[in-house]
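Working notes for the structure below.
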2 protein chains.
Amino acid sequence: MKKNTIETGESSSGRPIMVLLDVMGQRWALRILWELRDARLTFRDLQKRCDDVSPTSLNTRLKELRALELVDHNEQGFGHTKWGRELGEHLLGLSKWSAQWAEEVLKG
Amino acid sequence: MKKNTIETGESSSGRPIMVLLDVMGQRWALRILWELRDARLTFRDLQKRCDDVSPTSLNTRLKELRALELVDHNEQGFGHTKWGRELGEHLLGLSKWSAQWAEEVLKG
DNA sequence: TTATTTGCTACAAATAATGTAGCACAAAGG
DNA sequence: CCTTTGTGCTACATTATTTGTAGCAAATAA
């Protein structure tokens, strides 16, 4: 088998980009980061926005994102940390790019 | 259950960013894109660079990336398409960012 | 003819995600 | 006090995905 590389840090081998690719490559991680881009959300609201992801999955992912200081939690719910916000900016860039890409590639 | 959203196009609902988040959120997708950033690679070389991912997984992912015109294949092996290259640039940006992030967050 | 290398498939076993139910806690209303 | 509402979760059985190993067929090359 091949255990979760985020917990073990195994495949990441200390290279930041690998850690990042690992975490972003997990189901719902990017989506969560995306949905928190302009407002804090409660667990349940976040869940709804993420196509009603199971609480199990959501919680697992949130734990990881919090451990990596990309997401945090307070009285208003879950939201981006300073780092999460920066990463969110990158996603915004990707969003713009994806529009072009989609227009030419996806059934356009 | 909840079937593969890339095949079904279900959760993506036509919004490009969602399609992108879906595909990038699949295991090995980002890593593959990353490893092809500056050279074409054969199936097996790509496999080695991706921590010896199983051929099954690699092939599944490659099929999807090719369908989305992010990766293509020729006599020299697998590589970025025009779109893949652009996406790769974004990953390069993330790589730079991740260095800062890692320095302050990861065991630093 | 015998290797090598290519891209890939089969398939059982292992791991991760899902869906449903529900819990404990806190705040608010009556 | 008692009930309701909303919070962040956990339990657990089911289902889906990923993995690891083996190996195949075609294309070179020796």
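Here is how names work: the chains are called A, B, and so on, in the same order as the sequence lines, proteins then strands, and each is numbered from 1. Only heavy atoms go into these numbers, but all of them, side chains included; no hydrogens, no water, no symmetry mates.
Residues passing the salt bridge (charged side-chain N to carboxylate O under 4.0 Å, His left out) test with B:K63: none are found, sequence neighbours excluded. B:R40 meets the salt bridge (charged side-chain N to carboxylate O under 4.0 Å, His left out) test with B:D72; sequence neighbours excluded.
In this structure, CG of A:L46 is placed 13 Å from C1' of D:dC9, rounded to the nearest angstrom. One can place CH2 of B:W28 at 6 Å from P of D:dT19, the figure rounded to the nearest angstrom. Distance B:D51 CG to D:dG20 C1': 15 Å, rounded to the nearest Å. Between the CD atom of B:E75 and the P atom of D:dT28 there is a distance of 10 Å, rounded to whole Å. Protein atom CG of B:L58 is 16 Å distant from nucleotide atom P of D:dT21, rounded to whole Å. Counting to the nearest Å, the C1' atom of C:dA21 and the CG atom of A:D52 are 15 Å from each other. Between B:Q26 atom CD and C:dA17 atom C1' there is a gap of 13 Å when expressed in whole angstrom units.
Annotation: cation-pi pair A:R31/A:W34 absent, no NZ/CZ under 6.0 Å from the ring centroid and within 45° of its normal.
Direction of the helix axis in the helix from C:dT1-D:dA30 to C:dG30-D:dC1 shifts by 10° between the two five-pair termini, rounded to 10°.
One distance of note links CD of A:E104 with CD of B:E69; it measures 9.0 Å at 0.5 Å rounding. Distance check, rounded to the nearest 0.5 Å: CG of B:L21 to CD1 of A:I32 gives 11.5 Å. The CG atom of A:L68 sits 10.5 Å away from atom CG of A:L87, with the distance rounded to the nearest 0.5 Å.
For B:R49, the CZ atom counts as loosely surrounded, since its 6.0 Å shell holds 12 or fewer non-hydrogen atoms of other residues, nucleotides or ligands.
Applying the 4.0 Å criterion to OP1 and OP2 of D:dT19, one finds that B:S57 has a side-chain N or O inside that range. Of the side-chain N and O atoms in A:R61, one or more sit less than 4.0 angstrom from OP1 or OP2 of C:dA17.
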Sugar-phosphate atoms are those with a prime plus P, OP1 and OP2; base atoms are the rest. Using that split, label each nucleotide of nucleotides 7-13 of chain C B, S or - for protein heavy atoms under 4.0 Å, 5' to 3'. BBBBB--

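Residue pairs satisfying the side chain to side chain donor-acceptor pair (under 3.5 Å) criterion with at least one member in residues 83-101 of chain B, sequence neighbours excluded, are listed as follows: A:E86-B:W97, A:W97-B:E86. Legend: ring-ring contact (aromatic ring centres under 6.0 Å, His included) pairs involving residues 53-79 of chain A, not counting sequence neighbours, sorted by first then second residue: A:H73-A:F78.
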